[in-house]
2 protein chains.
Amino acid sequence: MVVSVRDVALAASVSVGTVSNVLNHPDKVSPATVERVTAAIEKLGFVRNDAARQLRAGHSRSIGLVVLDVRNPFFTDIARGAEERAAEARMTVMLGNSDEKAERERAYIDLFEEQRIAGLLISPLADDLPRLRRLRDRGTTVVLVDREVADESFSSVSVDDVGGGYLAVQHLAAQGRRRIAFVGGPMGIRQVVDRLEGASRAANEAGVSLEVILTDSLSVLAGRAAGDALSARAPEDRPDAVFAANDLLAMGVLQALMMRSSIRVPDEIALIGYDDIDFAAAAVVPLSSIRQPAELIGYTAVDLMLREAGGKSDPERVVFQPELVVRESTARPA
Amino acid sequence: MVVSVRDVALAASVSVGTVSNVLNHPDKVSPATVERVTAAIEKLGFVRNDAARQLRAGHSRSIGLVVLDVRNPFFTDIARGAEERAAEARMTVMLGNSDEKAERERAYIDLFEEQRIAGLLISPLADDLPRLRRLRDRGTTVVLVDREVADESFSSVSVDDVGGGYLAVQHLAAQGRRRIAFVGGPMGIRQVVDRLEGASRAANEAGVSLEVILTDSLSVLAGRAAGDALSARAPEDRPDAVFAANDLLAMGVLQALMMRSSIRVPDEIALIGYDDIDFAAAAVVPLSSIRQPAELIGYTAVDLMLREAGGKSDPERVVFQPELVVRESTARPA
DNA sequence: CTGTTAGCGCTTTCAT
DNA sequence: ATGAAAGCGCTAACAG
């Protein structure tokens, strides 16, 4: 019941080579033969075995994408952008979710390596550079997503996270906030560290205080825990503004502040997030945020990969600039 | 620069067959040899070529999952559940996003078929049963996700959408609402039709009116458009409650009502969504919704697939019951 | 334009 | 316990 090129060739009274040609180079075959072979394929329900194709051809038409968290709309937006560019090149994107776990990240890299993917796009958790170098040495183009790395030999598409952190805290200070808390973590994630660095710089310049409330992930749940911790403090010990390392955290903080206790945002505590996901605008209190061009990042990442793999260019590093989006959650207190 | 089993065999002074055995059946090889081969693998940086493995073995260790919309947290939650169960079986899940487009759905099914995936989990858009049957006839187990189908020979994991729609409108009517609007579409999506059917039934029983506002997708954007259309009406022509076919639509409606015009929810219009995604609770007005056990659905789908593929059982159909979650958006007007 | 043929890298009998 | 050898299904020379 398993139909192979051989069966198709038989049914169409041609050789297997010709069948392969109508599959891969139809221009090299006479229209009449194409017709006949196509009909046989249809009739027999032949579907090409990609493992065999790939083994022979030596390369795959899939691109691997490893993200930190599939549940974060920022990353699914990146995935959509990547898919779009891949589709233009008649390739596909396979999505792996590391869930912020180094072990799962490693597992996906290895899996993709076994599959000899055409290229790897990765938003790396740790800097497992040796593993990435090995991949590259094998001929797989690696593009770092949402992340630059000291080693300039990797292409990367990133957003200036230090600049974004700076924007956020500068804005809070400009709204008259003096005691700012940075909510984020773990510090193993570069984006978090960079945003904190930018935040510190802005805090110093503005002469406002910045405390750090560490979270163990960048999720709504972790945000809720941080918000609860904040609510549990005596009012005079609370900050008057929170900068959350991403919108998921910010939404969690918001939920905790407004629902569990009844601290008002922005009157008592102003709140700003990061990523500007679609849901930010629809939050209980519409959330100020730092916008990153997620789809464009994904699109560009595939584009760089394709160019580098095509030998058309050397590794390139693209850096986008983030943008402050002001909404109600950081309004000046009445 | 490409390391194969042959190179490893050479380096370890054994035959390729032995290398293969330490890879796949280490118990059949003496510990000392295993040691030697492993060392060689490590030293040479050998990574097995999965295309070759699969070609020879005849099957893959990947499970394909096709969802309607990766940007909908409901589906990424399903994906997480599926991944979890797959990992237990040392398999992986490849995620395909049909984006509610029949053409992309077909493309992914074909792609997965070419890859000879071990099983297909699909939340089908249209009923492309012939294509799914062909897949199954080739030996690939197909499990329908979030969807039952007349053909009982397919396993499926679904949630009672008719029941869910019923719950939603019954609740609205119980809160005293008389003019209800169902916002959803396109009608090519079964879930939408079923939820509408349940809604109609409840509306009839309660003696309230139900109008349908058709959308062209189940996204925040489409919801916003529907909300704008509602706002544009004279107040006396507006419904006093909206049941949105999913939470994304509901969030869009909410944004349009509250931000573009200033129709108050729930005072002027009550609003209930579907799926109970994490963001629903954090909306401007916390959103009532119909909860579905998303991760469990994904987990169960892989489980059914594995059981059926293992020949351990016949096709099975699991149906979960949805659950009403009441929040502020459907409170009785003051 | 079409047919023949040699592998791609691996797993798996079957001997030894 | 290990080695030798036969393909899995397909593509890409190369010949005709």
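Computed over heavy atoms, backbone and side chain alike; hydrogens, waters and symmetry mates excluded. We name chains A, B, ... by the order of the sequence lines, and we start the count at 1 in each one.
Note: CG (B/N21) to P (C/dT11) measures 9 Å, nearest angstrom. Atom pair A/D7:CG and D/dG9:P shows a separation of 9 Å (rounding to whole Å applied). Atom CD in B/E35 sits roughly 13 Å away from atom P in D/dT2 (whole-Å rounding). The NZ-P distance, from A/K28 to D/dT11, rounds to 15 Å in whole Å. Atoms NE2 (B/H25) and C1' (C/dT13) sit 11 Å apart, rounded to a whole Å. Counting to the nearest Å, the P atom of D/dG9 and the CG atom of A/L23 are 15 Å from each other. In this structure, A/N24 places its CG atom 16 Å from P of C/dT2, rounding to the nearest Å. Straight-line distance from the NE2 atom of B/H59 to the P atom of C/dT12: 8 Å, rounded to whole Å.
Across the interface with DNA chain C, nearest-nucleotide mapping of A/V16 and A/P31 shows A/P31 to be the residue nearer the 5′ end.
The shortest distance between the side-chain N/O atoms of A/T33 and the OP1/OP2 oxygens of C/dT2 is below 4.0 Å. One finds a side-chain N or O of B/T18 lying less than 4.0 angstrom from the OP1 or OP2 phosphate oxygen of D/dG3. Residue A/S20 places none of its side-chain N or O atoms closer than 4.0 Å to OP1 or OP2 of D/dA12.
For the pair B/E83 and B/R80, the salt-bridge criterion is not met [side-chain N within less than 4.0 Å of a carboxylate O]. Salt bridge annotation for A/R71-B/E295: present, with a cationic side-chain nitrogen under 4.0 angstrom from a carboxylate oxygen. A salt bridge does not link B/R138 with B/E114: every distance from a Lys NZ or Arg NE/NH1/NH2 to an Asp or Glu carboxylate oxygen is 4.0 Å or more. A salt bridge is defined here as a Lys NZ or Arg NE, NH1 or NH2 lying under 4.0 Å from an Asp or Glu carboxylate O, and B/E103 with B/R106 fails to meet this definition. A salt bridge between A/D137 and A/R134 is absent, with no side-chain N of the basic residue lying under 4.0 Å from a carboxylate O of the acidic one. The residues A/D161 and A/R190 are annotated as not salt-bridged, no charged nitrogen and carboxylate oxygen being separated by less than 4.0 angstrom. A/R307 has a carboxylate O that lies under 4.0 Å from a charged side-chain N of A/E316, or vice versa, which qualifies the two as a salt bridge.
Taken over five-pair windows at either terminus, the axes of the helix from C/dC1-D/dG16 to C/dT16-D/dA1 are inclined to one another by 30° (rounded to 10 degrees).
You'll find that the side chain of A/S15 is closest to C/dG3, out of C/dG3, D/dG3, D/dA1. The side chain of A/L55 has D/dG9 as its nearest neighbour among D/dT11, C/dT2, D/dG9.
Atom-to-atom distance recorded for A/R147:CZ and A/S123:OG is 8.0 Å, nearest 0.5 angstrom. In this structure, CE in A/M94 is found 7.0 Å from CD1 in A/I117, a value given to the nearest 0.5 Å.
Across all strands, A/G58 comes closer than 4.0 Å to no nucleic acid atom at all (heavy-atom distances). A/V19 comes within 4.0 angstrom of nothing in the nucleic acid, heavy atoms only.
For DNA chain C, the neighbouring residues in residues 39-54 of chain B, judged by any heavy atom under 4.0 Å, are B/F46, B/R48, B/N49, B/A52, B/R53.
Under 3.5 Å, the side chain of B/R56 and the base of D/dG7 form at least one donor-acceptor pair of N or O atoms.
Contact of the B/V192 side chain with the B/L218 side chain is registered, since non-hydrogen atoms from C-beta on lie closer than 4.5 Å.
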